[in-house]
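Remarks on the structure that follows.
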Amino acid sequence: MVNYQQFMSTVQLGIKTLLLHKLRSGLTMLGIIFGVCSVIAMLAIGEGASFEAQERIKALGSNNIIVRSVKPPEESREQNNTSGRGSGIRYGLTYDDASRVYSTIPGVERVLPMRLIRERIRFFEIELPCQVIGTLSFYPEIVSIDLLKGRFIAHMDEVYKQNVCVLTSSLAQRLFPYHDPLEQTIKIAGVYYRVVGLVREINTPGDRPQSGESEGETLDNNVYIPLSTCKARFGETLVKRTGNTVNSETVQLHEMRIQMKDHLFVESADPQVRTMLTRFHRDVDYEITVPLQLLRQAEATKRMFNIVLGSIAAISLIVGGIGIMNIMLANVTERTREIGVRRALGGKKRDIITQFLVETVVLSIGGGLVGVVVGVIVPLVVTASTGMQTIITWWSVALAFSISGAIGVVFGIYPANAAASLDPIEALRHE
Amino acid sequence: MAEDPIIKIEGIERKYVMGDDIEVMALDGVNISIHQGEYVAIMGPSGSGKSTMLNLLGCLDRPTAGSYWLGGEDVAKMDDDSLSDVRGRRIGFIFQSYNLIAQLTVLENIQVPLFYQGKSMAESYDRCVKLANLVGLGERLTHRPNQLSGGQQQRVAIARSLVNDPLMILADEPTGNLDSKTGLEVLDLIDDLNDDGKTIVLVTHDNYVAERAHRVIHMKDGHVDREEIKRQAGESRQKVYKRR
Ligand SMILES: Nc1ncnc2c1ncn2[C@@H]1O[C@H](COP(=O)(O)OP(=O)(O)OP(=O)(O)O)[C@@H](O)[C@H]1O
Ligand SMILES: [Mg+2]
């Protein structure tokens with residue numbers, strides 16, 4: 001019956017027949033090529049984009065709740081104006097907020113307070129903009145950070161308000177082109193600090209808000225100092241002079257990260273933190289970010305994205321399939337005589353079906369193969385030219401390829417049946 | 001004739017129903033017997049049912065009434081697949097318009113009937129080459145039909161009709177598309193096959209072609225008008241040539 005050899009020679013015959021009309025076969029395959037290529041490429045780009053987003057969110061910590069101080073909108077702080085010559089405002093999170101969260105909300109492991117100050121750092125002639133972060137010793141356990149050299153701020157530094165600092169490596173590289181940064185002394189706002197360690201922050205620079213108005217600087221310029229030192233050296237009021245107006249801002253904490261014992265507590269703690277803050281803050285001068293929720297949202301978005309992309313790709317594959325079916329129907333008409341001859345020479349209906357089905361499947365699988373190759377190249381080109389991350393998943397390749405094969409079968413059955421059901425005599429008389 | 005005929009047709013009818021109640025009796029009660037090794041020509045005016053007859057003989061069609069024994073098998077009531085099988089094993093076709101398959105080479109065209117019997121090219125290669133040589137195309141095994149003349153294509157078709165070692169060869173005006181010289185060559189080839197014992201049934205309009213047969217069946221309006229014996233089985237065809 002359908003032995004292997006016969007099948008293989010049918011496949012050969014199919015290829016030979018298709019090669020007889022190279023241009024036509026090529027054009028017919030284009031539909032499938034585009035379809036398969038777009039499935040793979042679109043999914044790769046989508047995966048890459050959502051992977052990047054998810055990595056950034058994960059770096060914030062899925063056990064954490066992040067609360068940041070936000071300057072309230074103009075109109076609500078109008079009454080704080082002291083004179084026409086400037087303004088002084090007070091807003092944001094307080095030390096009390098931090099301790100209240102820690103002591104009252106169930107499931108809180110720790111609360112990490114932070115102060116963020118834009119300043120300039122100086123080592124001999126080199127002066128660079130930097131972000132001073134006043135924080136506690138367990139910062140590295142809450143924020144994704146790599147300790148490259150030396151140590152992080154220690155608990156004793158905090159207790160004794162030591163003038164020590166830890167630098168991010170990129171800042172250190174520019175500040176100390178020729179020296180080992182460790183144990184060097186740098187100067188910020190007229191105060192000297194000893195460098196005790198080098199770190200690299202993972203994936204977070206874009207998420208850190210900036211205190212004050214100086215924006216647009218590179219963000220990975222962090223200088224970590226003990227919170228107590230920060231409070232003692234910089235105070236709580238920052239004064240900015242622009243022309244002859246003086247603006248002052250009083251902020252106790254710029255950010256606090258609430259680490260929960262388990263991510264299961266995150267969802268219940270979120271509204272509790274909100275309620276507590278509304279009770280003690282007249283204005284909404286804070287902003288709550290829940291990475292876990294962001295992650296869920298990102299996943300949902302990604303699912304939507306995949307569905308939309310998948311539908312577009314599926315439509316293009318179906319269009320390709322219809323193209324194939326169209327050509328195969330024309331093929332059947334054109335080769336009516338051949339079908340008659342084959343029937344006369346002993347070919348059964350099912351042999352004719354096999355022959356035409358094999359041709360269709362060869363077309364679609366051929367298109368699928370080319371599509372896979374192009375579909376794998378496109379994301380690589382995109383990555384190389386735009387720097388966008390792309391991830392080619394094996395399942396998208398398998399999916400696209402098997403769909404192309406299935407399309408060959410589905411859209412090939414009708415023409416193949418049409419060919420097989422021709423009456424041999426009629427077929428022989430054709431033309 | 002002592003032995004049983006390889007073809008025995010009794011009271012065959014082939015009725016075409018067109019539209020509501022218009023019926024065409026293409027064949028109307030035909031009885032024919034053909035013996036092994038016979039060369040039979042079917043003649044008759046256009047529309048007399050010759051092609052219909054040949055299609056039935058070739059199992060491409062089923063009669064609406066009557067019986068048809070082919071080599072001891074009753075094929076009148078077989079289903080489509082069995083008919084395909086009978087065609088592939090027992091019958092060789094030669095068509096007026098050659099009907100080679102365009103995308104196949106000479107060799108592959110000759111092999112087609114064996115392909116449908118599940119034989120691989122490797123298995124059938126020797127036989128196909130032998131037949132190609134027999135019809136004088138041993139040098140053109142890898143040519144495509146469109147690289148051959150009409151006469152050459154018809155020779156390939158003859159080789160193809162022989163490849164399954166059929167019970168009989170059916171030819172519907174095999175020289176209809178050929179010039180007279182090539183036509184004669186093809187007819188000579190068919191004569192040779194008959195001399196080697198092949199049964200031939202051939203439809204023609206040409207009296208000279210019919211001269212080569214043992215027996216001529218004249219058809220008219222869907223039935224056999226008369227039968228004409230040209231020569232006895234085994235009698236040499238030499239004198240026929242001379243007479244022409
Ligand atoms: N498919 C069909 N449908 C209806 N009538 C048909 C069909 N095929 C053949 N006929 C009729 O059957 C009759 C015999 O046709 P057939 O083709 O056998 O004639 P023929 O003897 O081969 O003629 P010619 O010498 O012209 O080839 C004709 O009257 C024809 O109209
Ligand atoms: Mg005819």
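Below, read A as the first sequence line, B as the second, and so on, with proteins coming before strands; counting in each chain starts at 1.
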Exercise for the section: Check each atom of B:Ile101 against the heavy atoms of chain A and say whether the ones under 4.5 Å are side chain, backbone, both or neither. Expected result: side chain
Completion exercise
Rounding to 0.5 Å, atoms CD (A:Glu426) and CG (B:Leu60) come to a distance of 11.5 Å
Completion exercise
Between the CG atom in A:Leu345 and the CZ atom in B:Phe115, the distance rounded to the nearest 0.5 Å is 12.0 Å
Problem - Heavy atoms of other groups near A:Phe401 CZ, more than 12 under 6.0 Å - result: yes
Exercise for the section: For chain B, find which of A:Ala344, A:Pro424, A:Ser9 contributes the most heavy-atom pairs closer than 4.5 angstrom. Expected result: A:Ala344
Fill in the blank from the handout: Of the listed A:Arg343, A:Lys349, A:Arg335, the one with the largest count of heavy-atom pairs under 4.5 Å with chain B is A:Arg343
Handout entry: Region of A:Leu13 that comes under 4.5 Å of a non-hydrogen atom in chain B
Key = side chain
Handout entry: Crowding at NZ, A:Lys16 (>12 non-hydrogen neighbours, <6.0 Å)
Key = yes
Enumerate donor-acceptor pairs with a distance under 3.5 Å from any side-chain N or O in residues 133-146 of chain B to protein atoms, sequence neighbours excluded.
from, atom 1, to, atom 2, distance (Å)
B:Asn133, ND2, B:Val129, O, 3.2
B:Arg144, NH1, B:Gln103, O, 3.0

Practice task
Could you tell me which residues in residues 76-89 of chain B have at least one non-hydrogen atom under 4.5 Å from a non-hydrogen atom of chain A, sorted by residue number?
Solution key: B:Asp80, B:Asp81, B:Ser84, B:Asp85, B:Arg87, B:Gly88
Handout entry: B:Asn55 portion near chain A, given a 4.5 angstrom heavy-atom threshold
Key = side chain
Practice task
Answer yes or no: does atom CD of A:Gln5 have more than 12 heavy-atom neighbours from other residues, nucleotides or ligands under 6.0 Å?
Solution key: no
Exercise for the section: Would you mind checking which part of B:Glu108 comes under 4.5 Å of any heavy atom in chain A, side chain (CB onward), backbone (N, CA, C, O), both or neither? Expected result: side chain
Practice task
Examine whether an atom of B:Leu104 lies under 4.5 Å from a heavy atom of chain A, and if so say whether it belongs to the side chain, the backbone or both; otherwise answer neither.
Solution key: side chain
Handout entry: Distance-minimising heavy-atom pair for A:Gln6 and B:Gly118
Key = OE1-CA, 3.9 Å
Fill in the blank from the handout: Honestly, the part of B:Arg90 sitting under 4.5 Å from a heavy atom of chain A is neither
Exercise for the section: Can you tell which part of A:Gln355 gets under 4.5 Å to a heavy atom of chain B, answering side chain, backbone, both or neither? Expected result: side chain
Practice task
Provide the closest heavy-atom pair for A:Leu428 versus B:Phe95 in the form atom of the first, atom of the second, distance.
Solution key: CD1-CE2, 3.7 Å
Exercise for the section: Determine, stepwise, if the pair A:Gln12 / B:Met121 fulfils side chain to side chain contact (heavy atoms under 4.5 Å, CB included). Expected result: CA-CA 12 Å; A:Gln12 267 175 18; B:Met121 187 40 122; over 6 Å; no
Handout entry: Separation between CD1 of A:Ile425 and CG of B:Leu56, rounded to the nearest 0.5 Å
Key = 7.0 Å
Exercise for the section: State whether a side-chain donor-acceptor pair under 3.5 Å links A:Arg429 with B:Ser51. Expected result: no
Exercise for the section: Would you indicate whether A:Trp395, at its atom CH2, is surrounded by more than 12 heavy atoms from other residues, nucleotides or ligands within a distance under 6.0 Å? Expected result: yes
Exercise for the section: Give, as side chain, backbone, both or neither, the part of B:Gln111 having an atom under 4.5 angstrom from any heavy atom of chain A. Expected result: neither
Handout entry: B:Tyr125 atom OH: more than 12 heavy-atom contacts under 6.0 Å
Key = no
